[in-house]
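By convention here, the first residue in the shown sequence is residue 1.
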Amino acid sequence: MAEAGAWCSSTAWMLAALGAALPRAHAAPNNMWPKLIAKAKNGGLDVIQTYVFWNVHEPIQGQYNFEGRYDLVKFIREIQAQGLYVSLRIGPFVEAEWKYGGFPFWLHDVPSITFRSDNEPFKQHMQNFVTKIVTMMKHEGLYYPQGGPIIISQIENEYQMIEPAFGASGPRYVRWAAAMAVGLQTGVPWMMCKQNDAPDPVINTCNGLICGETFVGPNSPNKPALWTENWTSRSNGQNNSAFSYPIYGNDTKLRAPEDIAFAVALFIARKKGSFVSYYMYHGGTNFGRFAASYVTTSYYDGAPLDEYDFKCVAFLVNFDQHNTPKVEFRNISLELAPKSISVLSDCRNVVFETAKVNAQHGSRTANAVQSLNDINNWKAFIEPVPQDLSKSTYTGNQLFEQLTTTKDETDYLWYIVSYKNRASDGNQIARLYVKSLAHILHAFVNNEYVGSVHGSHDGPRNIVLNTHMSLKEGDNTISLLSVMVGSPDSGAYMERRTFGIQTVGIQQGQQPMHLLNNDLWGYQVGLFGEKDSIYTQEGTNSVRWMDINNLIYHPLTWYKTTFSTPPGNDAVTLNLTSMGKGEVWVNGESIGRYWVSFKGPSGQPSQSLYHIPRGFLTPKDNLLVLVEEMGGDPLQITVNTMSVTTVCGNVDEFSVPPLQSRGKVPKVRIWCQGGKRISSIEFASYGNPVGDCRSFRIGSCHAESSESVVKQSCIGRRECSIPVMAAKFGGDPCPGIQKSLLVVADCR
């Protein structure tokens, strides 16, 4: 099926406004901000879109944090300094695969509160925070009418998805939130994502993979069509419109640039879209414990696209994924590639085809530059398993809810109980049964490890441990470590959700199960090593570390060593493939949770490389500390540098160069990052090369001069451009055949 749409204007449309979602950028080390923003600008983008995380800026009620990497004003000023605009997603519910959806956990304990509803306690706290942010932005002169870069703000986020659960309270809350935001008089529009009934003048916007097909459109003729989240990854399942953010136990599939280009062009053509933001353009890292339930520490997706400006424009759309139809448009005959959109400037000249995205492709390489395999440089500390109920933080004759007990300040909560085994009970081999609503459970009996179990993002909420254990006569201590891998980030009545252990029972022989739910339980919040901050330079001396000799693959163990910072400017990572599950710190800074033992369907870890910002590092003697829950081998950890070492361009002779380029001849342009230069040409063919940038070979048509021409133009340079034209290669190697130039180069 092919369709065409066209419109004309005497001035440029706003559809040059393409945004980059950098939601975690202002939570990254602030010395990274200029480089990240510059990359977005160099990618041709106009707007940086960022969340405002309530739990980052008001972690304790009434105590605000806008310092260091949480300096929101400084972040926005850096965007302005580089000539870009800001889309400020205040929320303050943001979801974002972020801890508690961005809400501070103290909100959970406000009496009589119901999140995101027509509830006075919630509305009061929400209004206080939103007003705080808006007042700060006004004071700093950051809104567009004041000469600042903020051109739009967001209130709430995707509320429509849970609104029915609140009955009549839901629509009342939507109207209140819109009126509250507009009443703050920022001078710029407000928007609501995925809220088709957003009250005037708030703009309803689309989030999704294919908003050109799914968006209902603006709910008022005086509102623009905005696409606030153009998801750059997709689900591996059957649902073609599903977003697949990275979670432990899953494989993530990035979208092809051609697919994204098609979706963007369709949104502009069908919905007269005027703003598209790529989600994510830069995802970054969930440092510390900020990732939501089962979400990986790394949160990066990328899809760089060429950008084009338009005046009078026509869009010719072919939805057919297999056929290449010929169409007539204004006396012009054109062939439309399968599932593509051809964009015609002045409604006559093809300036872009979504099936021919000419942006350079690059392959990231992880280079192990330092092996941490010297056993003498490692020390270990075994996390004590609590045995004495009298030393517990809390005690009670019931099983406590986990987040209420920990206040979400740690992933860990110990449940400790004593069980008396009498000789008359017979068999000393018993079965321990534990049902939990947490994410992971580790069980110890009399200080001996007896088993673990874990859940998954899409699996049942309950996890069940059913394992054998040996009991001694008399008192036996059962210590259960309940572990959360992030808190929830979405859903109705989030404040009512419960976590932690629900049922504990012991069965001996053929006797009925003996439930321990109402026995006297002791509770220890967090790990001993956390409480003493043994991951810091100061805290590391508070415990007695020992040689690592027999403690490889030992559960619930802390490890420490030091390493030197690799020279150069390439990104630094740790390869933790040899470990199991835990958290890692460098110089006292948490670089996040790791869980490499939980493999995806491909058999590979969901994440094995963990980014260390260079701002966290010193030239040498960097302190590396890990807490390992399940058992791993730290001697196989390596320090790696990440760089783009292979670059590729593939352009055919009928491709139209971007309007920013000065010439009219299509060119293959390749360049190296990080000060590297083109060191060799792995492949070059002008003709009809077969394959793409990952797999390639010479086709039936090939100019013998291809490699020498490309080498002469590129070797030793940081970037080069080669025209895709027969004259450059000494003549046409095969007249009558459509030709292209494929170049694969190495950067060193």
Side-chain angles (χ1 to χ4, degrees), residues 247-250 292-295 385-386 396-406 408 410-419 421 425 427-471 476-488 491 496-524 527 555-556 580-582 593 595 597-601 606 628-631:
I247 57 177
Y248 290 115
N250 272 21
S293 300
Y294 294 104
V295 174
V385 176
N397 291 92
Q398 60 181 330
L399 294 169
F400 286 5
E401 196 278 326
Q402 182 156 346
L403 292 187
T404 303
T405 307
T406 65
D408 203 16
T410 173
D411 288 349
Y412 304 101
L413 179 62
W414 283 103
Y415 293 69
I416 310 114
V417 70
S418 180
Y419 176 73
N421 181 45
D425 291 336
N427 197 338
Q428 303 302 301
I429 301 298
R431 182 173 292 277
L432 175 66
Y433 175 88
V434 185
K435 183 170 71 173
S436 175
L437 292 175
H439 299 146
I440 302 176
L441 178 72
H442 305 296
F444 298 81
V445 176
N446 299 323
N447 207 29
E448 294 292 326
Y449 174 76
V450 297
S452 296
V453 67
H454 71 80
S456 64
H457 183 272
D458 300 318
R461 278 211 66 201
N462 285 325
I463 58 173
V464 176
L465 178 68
N466 198 345
T467 186
H468 288 99
M469 62 178 179
S470 295
L471 296 174
N476 294 263
T477 301
I478 299 171
S479 306
L480 305 173
L481 182 58
S482 180
V483 186
M484 296 291 292
V485 188
S487 52
R496 302 181 188 177
R497 294 188 63 181
T498 57
F499 297 90
I501 294 174
Q502 306 294 299
T503 303
V504 181
I506 293 177
Q507 187 170 24
Q508 293 181 265
Q510 300 301 312
Q511 298 179 29
M513 181 176 292
H514 178 74
L515 292 179
L516 306 179
N517 292 22
N518 297 320
D519 284 22
L520 179 64
W521 286 87
Y523 297 90
Q524 178 181 304
L527 302 179
L556 215 56
K581 158 72 176 67
R593 304 180 183 96
W595 196 357
S597 61
F598 192 2
K599 304 293 197 294
S606 301
E628 172 58 52
E629 296 173 27
M630 299 177 174

query: According to the interplanar angle, ranging from 0 to 90°, do the rings of F400 and Y523 count as parallel (below 30°), tilted (30 to 60°) or perpendicular (above 60°)?
result: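 Aromatic pair F400/Y523 classed parallel.
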message: Check this for me: K599, atom NZ, are more than 12 non-hydrogen atoms of other residues, nucleotides or ligands nearer than 6.0 Å?
response: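 More than 12 within 6.0 Å, yes.
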task: Could you verify whether a donor N or O on one side chain and an acceptor N or O on the other, from N462 and Q502, lie under 3.5 Å apart?
output: no
Candidate list V417, L480, L465, test side chain to side chain contact (heavy atoms under 4.5 Å, CB included), partner V504, passing option: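 Only one option passes, and that is L480.
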- prompt: If you take all heavy atoms of P488 and R497, which pair is closest and at what distance?
  reply: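 Heavy-atom minimum between the residues: CB-NH1, 3.4 Å.
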query: Is E628 reaching over with its side chain to a backbone N or O of G580, donor-acceptor style, under 3.5 angstrom?
result: yes
message: Would the distance check show the side chain of S293 and the main-chain N or O of S487 forming a donor-acceptor pair, the cut-off being under 3.5 Å?
response: yes
Is the shortest heavy-atom distance from the side chain of [X] to the side chain of [Y] under 4.5 Å?
{"X": "M469", "Y": "N476", "answer": "no"}
{"X": "W521", "Y": "L516", "answer": "yes"}
{"X": "K581", "Y": "V485", "answer": "yes"}
{"X": "R593", "Y": "Y248", "answer": "yes"}
{"X": "F598", "Y": "S456", "answer": "yes"}

statement: When rounded to the nearest 0.5 Å, the distance separating CG of L515 from CG of L399 is 10.0 Å
